[in-house]
Amino acid sequence: MSTPPPTDDTVAGIRARVAAWRAAGERVGFVPTMGALHAGHLALVRTARRSAERVVVSVFVNPTQFAPTEDFSAYPRDLAGDLSKLASVEADAVFAPTTTEMYPQGFATQVSVGGPAIGLETDFRPHFFAGVATVVAKLLIAVGPDVAVFGEKDFQQFLVVRRLVADLRLPVEVVGHPIEREADGLALSSRNAYLSPEERATAPEIYAALTEAALAIRSGTDAQAALSAARGRLAASGFVVDYVELRNAEDLSPAETPPHGPLRLLAAARLGRTRLIDNIPL
Ligand code: PAF
């Protein structure tokens with residue numbers, strides 16, 4: 001069994017480690033996570049490795065992106081399990097700060113992104129992107145990577161981070177990694193662990209409904225009719241639908257009629273107490 005990667009829990013620690021690699025001329029890749037790692041995260045590590053000699057993974061369940069009513073305290077945490085998974089893909093270091101290291105007494109700064117952060121997730125989780133943008137800015141500044149890899153399951157998050165990095169001119173390349181799926185189409189997510197066996201059997205409907213809508217739109221069906229059929233299909237399977245929308249893939253602005261250019265179909269729906277999101281290119 002390979003040895004777990006070394007773990008730093010302070011910004012000073014990870015900075016010193018990365019500085020030493022950089023001094024040796026090595027490129028550094030970075031994968032930010034909230035832990036509870038699955039095969040999707042490990043794929044992000046492999047992608048980072050393709051363009052960097054060293055890969056840092058952060059494990060930090062960020063309180064500021066959860067509303068008081070959400071699952072912050074229940075969010076799955078298993079640092080020991082995460083470290084052994086990261087050993088299997090030969091991550092070079094883990095940054096696992098404490099909450100006080102990230103948000104010390106008196107912390108009063110928030111990064112707020114407009115543009116792609118407006119609408120969709122924000123309509124249902126208004127706190128979410130300020131929390132994500134603030135922590136991602138802090139993580140990128142702490143680690144100082146050449147390249148950072150984000151999963152496209154959180155497609156809106158990926159665009160928000162890309163906007164943030166461009167606007168603040170952070171010297172890092174942001175790379176998106178396509179969604180990893182189970183054999184039945186369900187997008188890999190740490191939150192899938194919350195699903196009961198019955199819900200798990202229903203969950204792939206979200207990808208099926210998106211695929212069906214994409215096919216219909218591609219073959220000329222009116223986009224609004226296809227979206228409403230997808231919402232109906234999900235509701236009939238027991239989901240409470242937050243949204244199923246067709247957007248321009250570059251900035252998430254509403255797709256024109258008839259739709260053209262690179263597009264993305266995005267959905268969020270709740271199954272019991274679990275909120276699932278998914279998206280596909282069109
Ligand atoms: O996608 C996630 O796991 C989180 O939103 C991120 C990017 C690690 C920030 O906490």
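Counting convention: from 1, in listed order, for ligands and their atoms alike.
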Pair listing, ring-ring contact (aromatic ring centres under 6.0 Å, His included) test, anchored in residues 40-79, at least two apart:
His38-His41, Phe66-Phe72, Phe66-Tyr75

A student checking ligand 1 against Val135 at a 4.0 Å heavy-atom cut-off should list atoms 9 (C), 10 (O)

Please list the nearest protein heavy atom to atom 3 (O) of ligand 1 with its residue and the distance rounded to 0.1 Å.
Met34 CG, 3.6 Å

Leu188 vs Arg181 side-chain heavy atoms within contact, under 4.5 Å:
no

Give me the nearest non-hydrogen protein atom to atom 1 (O) of ligand 1 as residue plus atom name, then the distance to 0.1 Å.
Gln157 NE2, 2.8 Å

Arg231 side chain to Ser228 side chain, donor-acceptor N/O pair below 3.5 angstrom:
no

Could you check atom 10 (O) of ligand 1 against the protein and tell me its nearest heavy-atom contact, residue, atom and distance included?
Gln65 OE1, 2.7 Å

Who else is in Leu44's hydrophobic cluster (ILVMFWY, side-chain heavy atoms under 4.5 Å, direct or via others)?
Val31, Leu37, Leu42, Val45, Val55, Val57, Val59, Leu79, Leu83, Leu86, Val89, Val94, Val147, Val149, Val175

Atoms in ligand 1 with a heavy atom of Thr33 nearer than 4.0 Å:
8 (C)

Ring-plane angle category for Phe158 and Phe155, please: parallel below 30°, perpendicular beyond 60°, tilted otherwise.
tilted

